[in-house]
Asker: 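Supplied in structure tokens, the structure appears directly below.
One-based numbering along the sequence shown. Both counts, for ligands and for their atoms, begin at 1 and track the order of listing.
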Amino acid sequence: MKYISTRGQAPALNFEDVVLTGLASDGGLYVPESLPKFSAEEIQSWAGLSYQELAFKVMKPFVADCMAEEDLKSLIDKSYATFRHKAIAPMVQTGHNEWVLELFQGPTLAFKDFALQFLGNLLDYILKKRDQKVVIIGATSGDTGSAAIEGCRHSDNVDIFIMHPHERVSDVQRRQMTTVIAKNVHNIALEGNFDDCQNMLKASFADQSFLPSDRRLVAVNSINFARIMAQIVYYFYSAIALGAPNREVSYSVPTGNFGDIFAGYLAKQMGLPIKQLIVATNQNDILHRCISANDHTKKTLVHSLSPSMDIMVSSNFERLLFDLYDRDGSAISQLMDGFKSGGMALTDTVMERLQSQFSSYRLDDDETVKVIAEVFEETEYLLDPHTAIGLKAGREVRADQETPVVNLATAHPAKFPDAVKKAVDIAEPPLPHHMSDLFEREEKYTVLENDIQKVHSYISDAL
Ligand SMILES: Cc1ncc(COP(=O)(O)O)c(C=O)c1O
Ligand SMILES: N[C@@H](CCOP(=O)(O)O)C(=O)O
């Protein structure tokens, strides 16, 4: 399978090179030239497979020309062996035809573990084979960072630098990153917001001259298509459990960088009968404004109770636009240039296509707290603030009561005790055993100005 850039000017690459390249040289994102398609009979035959077996079926066509089947199998097995629940992605029913898909059973308690445990092992496998060392640079609003560190820290072939927005992630999220004291792990608290971190990251890919000449940058954010690929699997897993392909299923997805819901969109293109894809946002609602009213203007990013979704420039939206604009790379280049200076208006045809694929909803902090309280009252199930936004969006926007709606539970409530305690009068939700001493561990991170020269000097000094 070949992968092409959304801006049309970078060379097409195979899977292994896509994994190592990150951002395309024209500033675009890599996507498969064409997607694998699964028939209803094939999907039907997957009923009863374990998560790992299903992951193999779904991922195989994306990697087939770069990896032996046995190698893929063992990477998958290793990646999900650290999950705390045997089902890997268990589902809990919270209402009539309403389900929560718990994607927080991995080592760092967020959905990021699904792709980043796999990507860490995959990188180690590729780098050993090539006898190559790389520098990983990542931007995080709180969850990608710890999952990437956990996935990559054991590899001798990587140095990892993670930028998080200073004082804008929860204490648990920060400590999950900054208490990993290892020679190859470096945490930067950037004086800015997540968009600043992601801008810094993309600019660093464009000019890598600050690195030693034998090193290159690798992305662990959803820029890296391997992340999206691994996230497609849980859509198949949950839909099959609820009766697909003989029954349609809808999804409500708490959304920020648009990677998770984009994986759902791809699952649908690959043959999964998905009825609705609901984009749920917090008050940083550019995606909701765009989908509901063609208003894709940037506003000031606010710090919310769902900090992982405090994102204004949603990287993966570009991948969707590429499809909606008939894969015209120069149209995407122009649009993205316009967006840099403030906003973008989509054509009527594109808006029609967008609205035929996605619905949307937005909640502010007060509403988020109310939902956590309501659902706890109804079921004693404790939602994290991101999942609460998704669940409420599912309740408000679902087209009918007969189609099951799956709400992606993207994080464990213990990552956001302040938000949870605003809603429910209970003791702090406990962290799982392996993290019970998190607040006693030593922390190490460096606060840096939002200045690319300073960040690059810090990285080159540390290498
Ligand atoms: C807990 C949580 N929920 C939701 C999101 C949004 O996911 P995405 O960025 O893939 O849209 C994130 C960040 O990515 C997150 O960490
Ligand atoms: N919410 C994310 C933001 C980065 O998203 P990614 O999917 O591109 O890694 C985070 O927790 O860091």
Asker: Using a 4.0 Å cut-off to any heavy atom of Lys112, which atoms of ligand 1 qualify?
Answerer: 13 (C), 14 (O), 16 (O)

Asker: How close does the nearest protein non-hydrogen atom get to atom 9 (O) of ligand 2, and which residue and atom is it?
Answerer: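 So the nearest neighbour among protein heavy atoms is Thr144 OG1, 2.7 Å.
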
Asker: Is any N or O atom of Asn221, backbone or side chain, closer than 3.5 Å to an N or O atom of ligand 2?
Answerer: yes

Asker: Starting from atom 16 (O) of ligand 1, what is the nearest protein heavy atom, named by residue and atom, and what distance separates them?
Answerer: Asp143 OD2, 2.5 Å

Asker: Can you figure out which of Ala110, Ala115, Gly142, Ser308 has its heavy atom closest to atom 15 (C) of ligand 1?
Answerer: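 Heavy atom nearest to atom 15 (C) of ligand 1 belongs to Ser308.
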
Asker: Which residue holds the protein heavy atom closest to atom 8 (P) of ligand 1, what is that atom called, and what is the gap in Å?
Answerer: Asn257 N, 3.5 Å

Asker: Is the closest side-chain donor-acceptor distance between Lys275 and Ser250 under 3.5 Å?
Answerer: no

Asker: Is the closest heavy atom of Gly142 to ligand 2 under 4.0 Å?
Answerer: yes

Asker: Determine whether Phe358 and Ile278 satisfy the following criterion, side-chain contact (heavy atoms from CB on, under 4.5 Å), listing intermediate values before the conclusion.
Answerer: CA-CA 6 Å; Phe358 296 93; Ile278 301 166; over 6 Å; no

Asker: Does Ser222 form a side-chain contact (heavy atoms from CB on, under 4.5 Å) with Arg227? I'd like the steps, not just the answer.
Answerer: CA-CA 5 Å; Ser222 52; Arg227 283 271 317 274; 4.2 Å; yes

Asker: Could you tell me which atoms of ligand 2, counted from 1 in the order shown, lie closer than 4.0 angstrom to a heavy atom of Asn257?
Answerer: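 What qualifies from ligand 2 is 4 (C), 5 (O), 6 (P), 8 (O).
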
Asker: Evaluate Ala411 for polar contact with ligand 1, using N/O atom pairs at a separation under 3.5 Å.
Answerer: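 For ligand 1, there is no N or O atom that lies under 3.5 Å from one belonging to Ala411.
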
Asker: With heavy-atom distances below 4.0 Å as the criterion, list the atoms of ligand 1 near Pro254.
Answerer: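 Close to Pro254: 4 (C), 5 (C), 6 (C), 7 (O).
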
Asker: Relative to ligand 2, is Lys112 under 4.0 angstrom through side chain, backbone, both or neither, heavy atoms considered?
Answerer: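 For Lys112, only side-chain atoms sit under 4.0 Å from ligand 2.
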
Asker: Is the shortest N/O to N/O distance between Gly256 and ligand 1 below 3.5 Å?
Answerer: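 Min N/O separation from ligand 1 is below 3.5 Å for Gly256.
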
Asker: Would you say the side chain of His296 lies within less than 4.5 Å of the side chain of Ile286, judging by non-hydrogen atoms?
Answerer: yes

Asker: Can you list the atoms of ligand 1 that are under 4.0 Å from a heavy atom of Gly259?
Answerer: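 Under 4.0 Å from Gly259, ligand 1 has these atoms: 8 (P), 10 (O), 11 (O).
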
Asker: Of the protein's non-hydrogen atoms, which lies at the shortest distance from atom 10 (O) of ligand 1, and what is that distance?
Answerer: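 The closest one turns out to be Asp260 N, 2.8 Å.
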
Asker: Could you tell me whether a side-chain N or O of Ser238 sits under 3.5 Å from a main-chain N or O of Tyr235, the two making a donor and an acceptor?
Answerer: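 Here the side-chain-to-backbone pair exists.
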
Asker: With atoms numbered from 1 as shown, which atoms in ligand 2 lie under 4.0 angstrom from a non-hydrogen atom of Thr140?
Answerer: 10 (C), 11 (O), 12 (O)

Asker: Measuring from atom CZ of Phe111 to atom OG of Ser308, what distance do you get when rounded to the nearest 0.5 angstrom?
Answerer: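 It comes to 8.5 Å.
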
Asker: Just list the side-chain donor-acceptor pairs under 3.5 Å for residues 257-267, sequence neighbours left out, or say none.
Answerer:
from   : atom 1 : to     : atom 2 : distance (Å)
Asn257 : OD1    : Gln198 : NE2    : 3.2
Asn257 : OD1    : Ser315 : N      : 2.9
Asn257 : ND2    : Gln198 : OE1    : 2.8
Asp260 : OD1    : Gln231 : NE2    : 3.2
Asp260 : OD1    : Tyr234 : OH     : 2.5
Tyr265 : OH     : Asp323 : OD2    : 2.7

Asker: What protein heavy atom sits nearest atom 3 (C) of ligand 2, and how far away is it?
Answerer: Ser141 OG, 3.3 Å

Asker: Identify the closest protein heavy atom to atom 6 (P) of ligand 2: which residue and atom is it, and at what distance?
Answerer: Ser222 OG, 3.4 Å

Asker: Which heavy atom of Glu428 sits nearest a heavy atom of Pro417, and at what distance?
Answerer: CG-CB, 3.4 Å

Asker: So does Lys370 pair up with Glu374, basic N to acidic O under 4.0 Å?
Answerer: no

Asker: Quick test of your reading of the structure: of Phe111, Phe258, Phe317, whose heavy atom lies closest to atom 7 (O) of ligand 1?
Answerer: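 Result: the heavy atom closest to atom 7 (O) of ligand 1 is in Phe111.
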
Asker: Is the contact between Asp143 and ligand 2 made by the side chain, the backbone, both, or neither, using heavy atoms and a 4.0 Å cut-off?
Answerer: both

Asker: Run the numbers for me: atoms of ligand 1, each under 4.0 Å from some heavy atom of Met309, listed by number.
Answerer: 4 (C), 5 (C), 6 (C)

Asker: Quick check on Gly256 - does any of its heavy atoms sit under 4.0 Å from an atom of ligand 2?
Answerer: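 No, that is not the case, since the closest heavy atom of the residue is not under 4.0 Å from the ligand.
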
Asker: Less than 4.0 angstrom from a charged side-chain N to a carboxylate O is my criterion; do Arg395 and Glu378 meet it?
Answerer: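 Judged by the 4.0 Å cut-off on N to carboxylate O distance, Arg395 and Glu378 do form a salt bridge.
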
Asker: Does the N or O separation between Asn316 and ligand 2 drop below 3.5 Å for any pair?
Answerer: no

Asker: Where is the nearest protein heavy atom to atom 7 (O) of ligand 2: which residue, which atom, and how far?
Answerer: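 Result for atom 7 (O) of ligand 2: Arg227 NH2, 2.8 Å.
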
Asker: May I ask you to identify the nearest protein heavy atom to atom 2 (C) of ligand 1, giving residue, atom name and distance to one decimal place in Å?
Answerer: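 For this ligand atom, the closest protein heavy atom is Thr410 OG1, 3.5 Å.
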
Asker: Output yes when Asp143 and Lys415 qualify as a salt bridge under the 4.0 Å nitrogen-oxygen rule, no when they do not.
Answerer: yes

Asker: Would the distance check show the side chain of Tyr80 and the main-chain N or O of Phe114 forming a donor-acceptor pair, the cut-off being under 3.5 Å?
Answerer: yes

